[in-house]
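Each residue takes its place number in the sequence, starting with 1. Only heavy atoms go into these numbers, but all of them, side chains included; no hydrogens, no water, no symmetry mates.
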Amino acid sequence: MEPTVCPWCQSEIVWDEEIGPEDTCPHCANELKGYRTLNIALQDEDEEDGGEEYEEAYEPSDEEAPDLHRIWGSDHESLSSLRTVDKYGEDHDLFAFEETVEGILDQQEEVPECLHCREYMLHAGTQRLSGEGFQPVHAPLIQAPILQPPYDLNVYVCPGCFHVQYNLAENDRLRMIKSFIHKKE
């Protein structure tokens, strides 16, 4: 009888003719009879032209559809359509652009995700707001403004759709946290 090879650990399994074939591998204890095989047909590039390929689209269930629509918006809008940078691809080398973006992102300490297209955003700089035209809200619990001018905002720009987003700079975050703690005590 020809020896069996375990598909998991590739060990040769020699079994006793009186007992019969093994149900599990004695080396790795994986099931041998219930082994599931996935066959993938590989074709040459010449053969691919002749055959038709069908891609099955994901269809959400009736329960999932409202949640997906609420989260991702309309069914007609795909994330790739939000990438404004793609329209500049004919006149510019977008591969070099993407490489540069990745290099910049690798050096950033904080990398927020764009709320519009979900690309990672580039830290473009810091903007100081002196308080001119800003009316702080006084929170009754702390009996002080939540954010006291002047303060700095980090400015982020999305390399995919060019939306701009702001968040509070590190020093002003700490100042806000400390002011909440000290007012509470």
Side-chain angles (χ1 to χ4, degrees), residues 38 40 42-43 45 48 52-185:
L38 177 63
I40 300 173
L42 300 177
Q43 298 176 348
E45 289 181 14
E48 285 183 20
E52 293 182 32
E53 293 183 20
Y54 296 99
E55 187 173 310
E56 187 176 324
Y58 172 73
E59 291 294 327
S61 69
D62 293 337
E63 295 172 0
E64 293 175 322
D67 289 334
L68 290 174
H69 181 71
R70 181 179 47 80
I71 293 169
W72 294 106
S74 72
D75 296 337
H76 306 293
E77 181 180 18
S78 69
L79 291 179
S80 62
S81 68
L82 299 174
R83 283 184 47 93
T84 307
V85 72
D86 291 341
K87 74 179 184 181
Y88 301 108
E90 294 176 5
D91 299 329
H92 303 285
D93 182 10
L94 292 185
F95 183 71
F97 174 77
E98 291 290 335
E99 280 186 337
T100 304
V101 166
E102 285 180 26
I104 294 169
L105 289 172
D106 287 342
Q107 296 173 353
Q108 285 183 201
E109 287 183 28
E110 200 172 309
V111 184
E113 191 176 83
C114 177
L115 299 173
H116 188 66
C117 73
R118 305 184 61 88
E119 290 275 339
Y120 291 124
M121 301 186 82
L122 302 172
H123 185 222
T126 306
Q127 181 179 6
R128 173 155 285 240
L129 296 178
S130 61
E132 191 175 315
F134 176 74
Q135 293 297 321
V137 172
H138 288 271
L141 181 64
I142 60 171
Q143 299 174 351
I146 293 173
L147 188 60
Q148 184 68 41
Y151 56 90
D152 294 330
L153 295 175
N154 291 322
V155 180
Y156 290 91
V157 64
C158 175
C161 67
F162 301 104
H163 277 246
V164 177
Q165 187 173 305
Y166 303 92
N167 68 22
L168 205 54
E170 183 74 20
N171 290 338
D172 291 306
R173 293 177 194 175
L174 293 171
R175 184 171 57 127
M176 187 171 106
I177 291 169
K178 287 177 184 176
S179 72
F180 282 15
I181 294 169
H182 293 300
K183 299 290 182 185
K184 192 97 173 168
E185 293 175 343

Query raised in the report: What heavy-atom pair brings P145 and Q148 nearest, and what distance separates the two atoms?
Result: CG-OE1, 2.8 Å
Query - From CG (L141) to CD1 (I146), nearest 0.5 Å - result: 10.0 Å
Requested in this report: Start with the C-alpha gap between L168 and L147, add the side-chain angles, then the distance that decides, and say whether side-chain contact (heavy atoms from CB on, under 4.5 Å) holds.
Outcome: CA-CA 10 Å; L168 205 54; L147 188 60; 3.9 Å; yes
Name every donor-acceptor pair, under 3.5 Å, that has one atom in a side chain of residues 150-160 and the other anywhere in the protein, sequence neighbours excluded.
unit_1, atom_1, unit_2, atom_2, d
D152, OD1, R128, NE, 2.9
D152, OD1, R128, NH2, 3.4
D152, OD2, R128, NH2, 3.2
N154, OD1, H123, NE2, 3.4
N154, ND2, N167, OD1, 3.1

**Report entry** Distance (rounded to the nearest 0.5 Å) between L129 CG and Y166 OH
**Finding:** 8.5 Å
Query raised in the report: Is there any side chain to side chain donor-acceptor pair (under 3.5 Å) pair reaching into residues 131-142, and which pairs are they, with sequence neighbours excluded?
Result: none
Report summary line: When rounded to the nearest 0.5 Å, the distance separating CZ of F162 from SG of C117 is 9.5 Å
Query raised in the report: Going through the distances and angles, do Q165 and M121 end up as a side-chain contact (heavy atoms from CB on, under 4.5 Å)?
Result: CA-CA 9 Å; Q165 187 173 305; M121 301 186 82; 3.4 Å; yes
Report task. Could you tell me whether a side-chain N or O of E102 sits under 3.5 Å from a main-chain N or O of F97, the two making a donor and an acceptor? Result -> no
